[in-house]
J.: 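Can you read through this structure? Questions will come right after.
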Amino acid sequence: NIIVPTITCITTSVNLTAIIGSLFNFTDAFAPANWTLSNTNANGTVDTSSAPASIAITGGNNGSNSSGTTSYSITMPMSGTLSFDWYYKTNDDAPEYDYPQMVYNGVTSFLTGFNKFGNKTQSGSVSIEVTAGETFELRMYTEDNVSGNAMVAISNFSLELPFTGTPSYAWTASNGG
């Protein structure tokens, strides 16, 4: 996926921004086989049956009456801008008891636009700069592991790879300059 900018030669210098490509969906480097599922005091699952288009993480509801996490993590294969859409639904009393998070570079945060005190169904989009070799984690957190679980579906997952070199272009004007 190479984006070719439209160039108009008005002066002797032209500034270009190039993107050399993108990785889309849960394929290739982001195929489900490259992710790791882990539960900490939870019995959550990851449904990859809709991959490569999307995956769904369902959080724990093991009856322990204590917090837990269901995590789906990957070591970033390349640096770039990671983007995805998310859809959330809870079967618990309210979103404040079970909610989606992401963890990057050791920092835990809500998915962009998620409201812990909002509706039982929510959606949004995330865009974050990532660095090769760092761990990125999608997570469902449960406050109590009772009264129902919650699910977050992730779709339109992509990593845009910026051009990091210095391009060299040469052309000859067909009209002499």
Side-chain angles (χ1 to χ4, degrees), residues 22-161:
S22 297
L23 299 175
F24 293 104
N25 294 321
F26 293 94
T27 61
D28 302 318
F30 291 112
N34 296 322
W35 292 73
T36 301
L37 168 65
S38 61
N39 279 295
T40 302
N41 190 37
N43 58 344
T45 60
V46 175
D47 180 358
T48 61
S49 64
S50 294
S54 66
I55 58 105
I57 304 169
T58 300
N61 195 47
N62 64 16
S64 68
N65 206 29
S66 59
S67 65
T69 59
T70 299
S71 301
Y72 201 49
S73 62
I74 191 167
T75 300
M76 295 308 300
M78 292 166 245
S79 298
T81 304
L82 181 66
S83 302
F84 57 90
D85 296 329
W86 58 270
Y87 170 81
Y88 165 87
K89 180 181 179 186
T90 184
N91 297 314
D92 207 330
D93 296 331
E96 66 187 283
Y97 300 110
D98 299 275
Y99 44 87
Q101 300 175 319
M102 63 181 176
V103 182
Y104 177 67
N105 210 10
V107 177
T108 302
S109 59
F110 287 126
L111 300 183
T112 306
F114 179 77
N115 181 349
K116 187 173 167 179
F117 303 105
N119 294 327
K120 290 177 80 169
T121 60
Q122 301 181 39
S123 61
S125 298
V126 171
S127 183
I128 181 175
E129 295 297 318
V130 295
T131 303
E134 295 290 339
T135 300
F136 176 78
E137 180 179 320
L138 295 165
R139 177 189 284 175
M140 280 301 304
Y141 177 84
T142 177
E143 288 274 341
D144 54 11
N145 263 300
V146 295
S147 302
N149 55 16
M151 175 279 308
V152 64
I154 307 295
S155 62
N156 297 317
F157 192 88
S158 70
L159 179 65
E160 287 188 22
L161 309 172

J.: Run the side-chain contact (heavy atoms from CB on, under 4.5 Å) check on T135 and M76 step by step: do they pass?
T.: CA-CA 6 Å; T135 300; M76 295 308 300; over 6 Å; no

J.: So which pairs with a foot in residues 102-121 pass side chain to side chain donor-acceptor pair (under 3.5 Å), sequence neighbours left out?
T.: none

J.: Just say parallel, tilted or perpendicular for the rings of Y72 and W35, cut-offs at 30° and 60°.
T.: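 Aromatic pair Y72/W35 classed parallel.
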
J.: Do F30 and S158 make a side-chain contact, defined as non-hydrogen atoms from C-beta onward lying under 4.5 Å apart?
T.: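 Contact flag for F30/S158 side chains = no.
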
J.: What are the two closest heavy atoms between S67 and Y141, and how far apart are they?
T.: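 So the minimum-distance heavy-atom pair works out to CB-OH, 3.3 Å.
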
J.: Hey, are N145 and N61 close enough side-chain-wise for a donor-acceptor pair under 3.5 Å?
T.: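 Result is no, nothing qualifies.
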
J.: Enter the distance from I57:CD1 to L37:CG here, rounded to the nearest 0.5 Å.
T.: 8.5 Å

J.: Under 4.5 Å between any side-chain heavy atoms of V103 and F136, yes or no?
T.: no

J.: For N34 versus I74, what's the shortest heavy-atom pair and its separation?
T.: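 Of all heavy-atom pairs spanning N34 and I74, the closest is O-CG1, 3.5 Å.
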
J.: Please report the interatomic distance OG1(T58) to CE(M140), rounded to the nearest 0.5 Å.
T.: 7.5 Å

J.: Can you name the nearest heavy-atom pair linking L23 to A29, along with the distance?
T.: CD1-CB, 4.2 Å

J.: Which is it for Q122 and W86 under the side-chain contact (heavy atoms from CB on, under 4.5 Å) test, yes or no, and what are the steps along the way?
T.: CA-CA 8 Å; Q122 301 181 39; W86 58 270; 3.9 Å; yes

J.: For side-chain contact (heavy atoms from CB on, under 4.5 Å), just list the numbers for V152 and K89, CA-CA rounded to whole Å, side-chain angles, deciding distance to a tenth of an Å, and then say yes or no.
T.: CA-CA 7 Å; V152 64; K89 180 181 179 186; over 6 Å; no

J.: Considering residues, nucleotides and ligands other than F114, do more than 12 of their heavy atoms fall under 6.0 Å from its CZ?
T.: yes

J.: Under the side-chain hydrogen bond (donor to acceptor under 3.5 Å, both in side chains) test, which residues partner S66, sequence neighbours left out?
T.: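 With sequence neighbours excluded, S66 shows a side-chain hydrogen bond (donor to acceptor under 3.5 Å, both in side chains) to N41, S64, given in chain and number order.
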
J.: Sort and list the pairs that fulfil salt bridge (charged side-chain N to carboxylate O under 4.0 Å, His left out) and have at least one residue in residues 130-141, not counting sequence neighbours.
T.: E137-R139

J.: Taking atom types as modelled and ignoring hydrogens, do the side chains of N39 and T70 form a donor-acceptor contact shorter than 3.5 angstrom?
T.: yes

J.: Is the closest side-chain heavy-atom distance between P95 and Y88 below 4.5 Å?
T.: yes

J.: D93: which residues meet the side-chain hydrogen bond (donor to acceptor under 3.5 Å, both in side chains) condition with it, sequence neighbours left out?
T.: none

J.: Under a 3.5 Å threshold, yes or no: a donor from one side chain and an acceptor from the other, between D85 and N156?
T.: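 The criterion, which ignores hydrogens and geometry beyond distance, is satisfied for N156 and D85.
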
J.: Considering all heavy atoms of both residues, which atom of P100 and which atom of L111 are nearest to each other, and what is their separation?
T.: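 So the minimum-distance heavy-atom pair works out to CB-CD1, 3.6 Å.
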
J.: Do T48 and F26 have side chains that get closer than 4.5 Å, going by heavy atoms?
T.: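 They are not in contact (no side-chain heavy atoms under 4.5 Å apart), so the answer is no.
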
J.: Hey, would you say the F157 and F24 ring centroids sit under 6.0 Å apart?
T.: no

J.: Please list, chain by chain and in numerical order, all residues satisfying side-chain hydrogen bond (donor to acceptor under 3.5 Å, both in side chains) with T81, sequence neighbours excluded.
T.: E129

J.: I need the N25 CG to I55 CD1 distance, nearest 0.5 Å.
T.: 11.5 Å

J.: Report yes if the side chains of M102 and F110 come closer than 4.5 Å at any heavy-atom pair, otherwise no.
T.: no

J.: Between CG of L138 and OG of S71, what distance do you get to the nearest 0.5 Å?
T.: 9.0 Å

J.: Which distance, rounded to the nearest 0.5 Å, do you find between the CG of N43 and the CG of N149?
T.: 8.0 Å

J.: Identify, with sequence neighbours excluded, every residue that meets side-chain hydrogen bond (donor to acceptor under 3.5 Å, both in side chains) alongside Y99.
T.: E143

J.: P77 and A132: which non-hydrogen atoms are nearest, and at how many Å?
T.: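 That would be O-CB, 4.0 Å.
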
